There are 2 protein chains.
Amino acid sequence: MHTVRDNARAVLSFLYTGSMNAPRTARERARAELTREILASARRQLGEVGAPGLSLRSVARDLGMASSAVYRYFASRDELLTALLIEAYNEVGAAAERSDRPKAVPENRWLGVWNGVRNWSLANRHEYALLFGTPVPGYAAPHLTTEIAARMPLTLARIVADAKRDGGLRPYTGPECDPSAIEPAMLALLDDGAFTVEETARLILAWNRLVGVIGFELHGHLKNVTADDAAYFEYTARSEGANLGLAFD
Amino acid sequence: MHTVRDNARAVLSFLYTGSMNAPRTARERARAELTREILASARRQLGEVGAPGLSLRSVARDLGMASSAVYRYFASRDELLTALLIEAYNEVGAAAERSDRPKAVPENRWLGVWNGVRNWSLANRHEYALLFGTPVPGYAAPHLTTEIAARMPLTLARIVADAKRDGGLRPYTGPECDPSAIEPAMLALLDDGAFTVEETARLILAWNRLVGVIGFELHGHLKNVTADDAAYFEYTARSEGANLGLAFD
DNA sequence: TCATTGTTGTGAGCGGCGCTCTCTGTTGAG
DNA sequence: CTCAACAGAGAGCGCCGCTCACAACAATGA
């Protein structure tokens, strides 16, 4: 029998794997149901008022239960936010994968995924902030989240790997990265060592910049700076793709 | 005579210009003094616990006064944070300017300013978060803050402008930006039209990426990704400088 | 079958928060 | 000297996260 304390882990596992150990008793079914409802309500509120405004008490009110009862399901507000964080990581990863069209030419795939991530972020700005904005608490089990967080950047890597395999990658130009700057484990993670250190560095840079430029747009730093955010974003995408050797002009 | 309500504007003006209308009466002197003390205490707490943890009540406790008294000086917590925001904008701008060595070659100036901004950010991570992390409230008088916020990017622009004047700028390569993506007013702002639209776009990109890569490092997204953050950062700086035509390899 | 055991929900309560209001004493301008 | 503007104190409102004791209840094993 699992105790209440184990629940958090169970929820994370649920979010990660998409399924839970099948609930055997009525109580377990009710528990799974209510856990989902709490998450759904929290997610709704996150979308409306953002992470700072999300309160456990208001979730409880929304569900017509005592605020203290919610603590049977999530040990703290941070734990609830962590669950939402994982959910959001999965969503942006899914959005990236969904907007990849493996049959298109690499350049169009690249733009498609960049735009897919941007569109998700514009439609879910509070979720984006949760992922890439200022971190608030101690937060989630790092090992679990990093695995999920990799989904989006791996989608980018796959495009470049395919281009490389098909000979569609130009030799890169410009300054090169000190190889010792990159964590060796990253090389293995990225498509089982399909990339050189230099390519890996540029991939990291591209991922980094994709997130960065969206943040600038979302946080208003481009106000009075750019006139057409979508065009500026596409320019960023092309610039970054070219840096990796994709054939933009 | 100014009323209490005017104080906020006075504080902002004080932070911006570095001086205030000379206090004539003892009361005005005391007011200026206490305002500074409140800001100093708030700044101290910001550095320790970050913006979410900063509370007006604890500032009041720190200064040995009733919490309600603080409201004579700052109309709300947001207004206090706004003052800190402006202070931080000025600081990072000053750090950028201080780390520029106008007599050095453009490439070294470029690296110097990038590192200067990074070092300030590492030493003031909560302040960085206030500037470039998730925005929380409605926040400051935009017109005032944008003027101050421009200090740091303008330092970058100056280096490139000097290089261009001295003929040290290579013709740029790679994808170009749709000119209509850039706000025309930006062209005038940047050294009175010293730059082409394309150069302006690349400057914006560089500024954007400088902030972005620091955010990634500060927020832990580079953990298990890079092995040497400083080396990776310098790589970013060189890559960005080369994109603007600076002679990095 | 039934007592035992762990789980679930409640409501009261703690300390903290931002913020408001009223009241008192004080300062400075006319 | 008068009087309006100001500064500070303290009580209080409605939130918040979180804890705890308690009662209702469901699963389980003797």
Side-chain angles (χ1 to χ4, degrees), chain A residues 1-8 10-11 21-38 42 45-46 49-84 136-138, chain B residues 1-8 10-11 21-38 42 45-46 49-84 136-138:
Chain A
M1 272 295 82
H2 73 277
T3 67
V4 171
R5 281 277 127 195
D6 294 328
N7 183 61
V11 169
N21 291 343
R24 285 260 147 269
T25 67
R27 200 179 251 171
E28 279 176 354
R29 230 179 310 115
R31 181 173 191 80
E33 174 74 13
L34 235 183
T35 304
R36 267 189 297 271
E37 278 180 31
I38 291 172
Q45 295 196 26
L46 172 66
V49 296
L54 172 63
S55 94
L56 225 143
R57 285 179 117 113
S58 71
V59 170
R61 270 195 302 275
D62 187 35
L63 268 55
M65 62 199 298
S67 67
S68 53
V70 180
Y71 285 87
R72 299 283 183 206
Y73 297 83
F74 293 91
S76 68
R77 196 189 97 108
D78 277 5
E79 194 170 277
L80 182 55
L81 276 178
T82 299
L84 293 174
V136 186
Chain B
M1 268 301 80
H2 73 278
T3 68
V4 172
R5 280 276 127 195
D6 294 329
N7 182 60
V11 169
N21 292 342
R24 284 260 148 268
T25 69
R27 200 180 252 170
E28 279 178 351
R29 228 179 308 115
R31 182 175 188 80
E33 174 76 11
L34 235 183
T35 303
R36 267 190 297 271
E37 278 179 32
I38 291 172
Q45 295 196 25
L46 172 65
V49 296
L54 172 63
S55 93
L56 226 143
R57 284 181 117 111
S58 70
V59 169
R61 271 196 302 275
D62 187 35
L63 269 54
M65 63 200 297
S67 67
S68 55
V70 180
Y71 285 86
R72 299 281 183 205
Y73 297 84
F74 293 90
S76 69
R77 197 188 99 109
D78 277 4
E79 191 170 295
L80 182 55
L81 276 178
T82 298
L84 293 174
V136 186

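Note that this is a predicted model, so its numbers are computed, not measured. In what follows, chains carry the letters A, B, and so on, assigned in the order in which the sequence lines appear, proteins first and then strands, with residues in each chain numbered from 1.
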Tell me, for nucleotides 15-21 of chain D in 5' to 3' order, what letter each nucleotide earns: B for a base near a protein heavy atom under 4.0 Å, S for only sugar-phosphate near one, - for neither?
-BBBBBB
Listed by chain and number, what are the salt bridge (Lys or Arg N to Asp or Glu O under 4.0 Å) partners of E33(A), not counting sequence neighbours?
R36(A)
Rounded to whole Å, how long is the line connecting atom OH of Y73(B) with atom C1' of dA9(D)?
13 Å
Have a look at A30(B) and say if it touches a base, only the backbone sugar-phosphate, or nothing, with a 4.0 Å heavy-atom cut-off.
nothing
Expressed as a whole number of angstroms, how long is the span from E79(B):CD to dC19(C):C1'?
13 Å
To the nearest 0.5 Å, what is the distance between CD (E28(A)) and OG1 (T35(A))?
11.0 Å
In whole Å, what is the span from the CG atom of L80(B) to the P atom of dC17(C)?
14 Å
Within the structure shown, what part of the strands sits under 4.0 Å from L34(A) by heavy-atom distance: base, sugar-phosphate, or nothing?
sugar-phosphate
Rounded to whole angstrom units, what separation is found between the CZ atom of R29(B) and the P atom of dA7(D)?
14 Å
Taking five pairs at each end of the helix from dT1(C)-dA30(D) to dG30(C)-dC1(D), what angle separates the two helix axes (nearest 10°)?
0°
Closest heavy-atom pair, S76(A) versus Y71(A), reported as atoms and distance to 0.1 Å, is CA-CE2, 4.2 Å
Check the distance between dC25(D)'s C1' and E28(A)'s CD and give it to me in whole angstrom.
16 Å
Whole angstroms only, please: what is the CD-C1' distance between E33(A) and dG9(C)?
17 Å
Please report the closest heavy-atom contact between Y73(B) and E79(B), naming both atoms and the distance.
O-OE2, 4.3 Å
Whole angstroms only, please: what is the CD-P distance between E37(B) and dG8(D)?
11 Å
Nearest heavy atoms of L56(A) and S67(A), plus distance in Å:
CD2-O, 4.2 Å
Nearest 0.5 Å, what's the CE-CG distance between M65(B) and L34(B)?
5.0 Å
Residue A69(A), side-chain heavy atoms: nucleotide from dA9(D), dA7(D), dG9(C) that is nearest:
dG9(C)
Which of these nucleotides, dG28(C), dT28(D), dA9(D), is closest to any side-chain atom of R27(B)?
dG28(C)
From CZ (F74(A)) to CD1 (I38(A)), nearest 0.5 Å
6.0 Å
CZ/R57(B) to CG/D62(B) distance, rounded to the nearest 0.5 angstrom?
15.5 Å
For residues L46(A) and L54(A), report the shortest heavy-atom separation together with the two atoms involved.
N-CD1, 4.5 Å
